[in-house]
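If you're wondering where the values come from, they're calculated on a predicted model, not measured in any experiment.
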Amino acid sequence: MARKTELKDKEKLFCEYFCETRNARLAAAKAGYGIMTGRSAVRLINRKDIKSEIERLDKSGLVNTQEIIAGYRQLAFGSVADALKLLYCDENPTDLEKEKLELFNVSEIKRPKGGGIEIKFFDRMKALEHLEAMSKGDENFEKALPFYRALEKSAEAVKADDE
């Protein structure tokens with residue numbers, strides 16, 4: 001059965017919140033999806049019509065400089081406590097526990113064949129450099145947007161690998 005091209009109000013809200021936060025789980029929660037927001041988020045973010053709407057909103061300029069600054073601030077000053085919990089956890093966390101982890105600063109997670117876990121973080125200094133350039137009104141701050149988009153794609157890939 002083909003999916004309707006018209007999104008429901010809740011789905012439109014999800015797209016708007018996703019464009020603001022770049023966090024699918026948070027967007028699903030803010031849009032009013034139930035208790036299992038992580039599952040709803042994964043289901044929504046993988047739909048072609050939702051992806052198209054997010055792309056349309058992105059092109060329309062919904063993502064503004066303040067949102068980019070907020071993302072860089074989170075990269076530069078955000079906590080890595082949940083990543084450390086994951087690193088030192090003796091057993092695999094449940095799906096519900098994984099949904100609660102804040103891993104925005106994580107660029108890559110690997111499980112080597114020999115056991116253990118490897119976690120790589122985004123470069124805080126690069127984020128600080130971009131924040132500094134943006135705060136000075138540097139004309140080159142437009143270069144920050146592709147870097148932020150690359151970080152976003154990497155975070156989505158980590159999330160997909162984790163699921």
Side-chain angles (χ1 to χ4, degrees), residues 11 14-31 33-55 57-58 62-63 65-134 140-163:
E11 294 167 336
F14 169 80
C15 294
E16 290 173 14
Y17 287 130
F18 180 81
C19 287
E20 284 178 20
T21 65
R22 294 302 188 209
N23 181 325
R25 186 182 66 211
L26 180 60
K30 287 175 102 177
Y33 286 87
I35 297 170
M36 300 301 282
T37 56
R39 287 186 184 172
S40 296
V42 170
R43 182 178 44 79
L44 287 165
I45 204 74
N46 287 317
R47 282 180 31 196
K48 287 182 182 180
D49 56 343
I50 296 289
K51 287 179 184 179
S52 295
E53 177 66 6
I54 289 169
E55 285 176 21
L57 290 171
D58 283 346
L62 188 63
V63 176
T65 306
Q66 292 305 316
E67 292 165 346
I68 294 169
I69 289 172
Y72 279 124
R73 287 186 59 78
Q74 189 171 357
L75 286 174
F77 306 112
S79 173
V80 296
D82 282 349
L84 292 175
K85 284 180 197 175
L86 185 61
L87 182 64
Y88 292 109
C89 179
D90 289 336
E91 46 192 65
N92 288 335
T94 66
D95 287 341
L96 187 58
E97 290 169 334
K98 283 189 239 180
E99 284 182 21
K100 292 179 182 178
L101 294 175
E102 177 56 55
L103 300 173
F104 188 83
N105 291 359
V106 175
S107 67
E108 187 177 343
I109 297 176
K110 287 184 182 178
R111 290 198 181 269
K113 289 182 181 179
I117 188 170
E118 290 179 19
I119 299 176
K120 291 183 183 177
F121 296 95
F122 288 111
D123 188 341
R124 288 179 185 258
M125 291 306 295
K126 228 176 217 180
L128 285 169
E129 288 169 7
H130 285 291
L131 280 171
E132 180 183 30
M134 293 176 85
N140 292 327
F141 83 87
E142 288 297 325
K143 293 179 182 175
L145 187 56
F147 177 71
Y148 187 72
R149 295 271 189 239
L151 294 175
E152 182 178 275
K153 286 181 182 179
S154 180
E156 289 298 322
V158 167
K159 183 182 274 186
D161 287 346
D162 204 29
E163 294 173 354

The salt bridge (Lys or Arg N to Asp or Glu O under 4.0 Å) partners of Lys51 (sequence neighbours excluded) come to none

For this session: May I have the step-by-step check of side-chain contact (heavy atoms from CB on, under 4.5 Å) for Phe121 and Val106, ending in yes or no?
Result: CA-CA 4 Å; Phe121 296 95; Val106 175; 3.9 Å; yes

Note: Glu118 and Pro112 closest approach over all heavy atoms is OE2-CG, 3.4 Å

Between Phe104 and Gly71 the two heavy atoms that sit nearest each other are CE2-O, 3.6 Å

Please say whether more than 12 non-hydrogen atoms of neighbouring residues, nucleotides or ligands are located less than 6.0 Å from CZ in Arg73.
no

Given side-chain contact (heavy atoms from CB on, under 4.5 Å), test Leu128 with Phe77 step by step and report yes or no.
-> CA-CA 9 Å; Leu128 285 169; Phe77 306 112; 3.5 Å; yes

To the nearest 0.5 Å, atom SG of Cys15 lies from atom CG of Leu44 at 7.5 Å

Between the CD1 atom in Ile117 and the NZ atom in Lys110, the distance rounded to the nearest 0.5 Å is 12.0 Å

Closest heavy-atom pair, Leu75 versus Asn105, reported as atoms and distance to 0.1 Å, is CA-OD1, 3.5 Å

The reported gap from CD1 in Ile54 to CD in Glu16 (rounded to nearest 0.5 angstrom) is 11.0 Å

Between Asn23 and Leu26, the two heavy atoms sitting closest are OD1-N, 2.9 Å

Interatomic distance, CG@Leu57 vs OG@Ser52, rounded to 0.5 Å, equals 11.0 Å

Donor-acceptor pairs under 3.5 angstrom involving side-chain atoms of residues 78-86: please list them, not counting sequence neighbours.
residue: Ser79; atom: OG; partner: Ala81; partner atom: N; Å: 3.0
residue: Asp82; atom: OD1; partner: Lys85; partner atom: NZ; Å: 3.3
residue: Asp82; atom: OD2; partner: Glu102; partner atom: N; Å: 2.7

Between the CD atom in Glu132 and the CE atom in Met125, the distance rounded to the nearest 0.5 Å is 9.0 Å

Min side-chain heavy-atom separation Glu53-Glu11 under 4.5 Å: no

* Would you call the rings of Phe14 and Tyr33 parallel, tilted or perpendicular if under 30° counts as parallel and over 60° as perpendicular? -> perpendicular

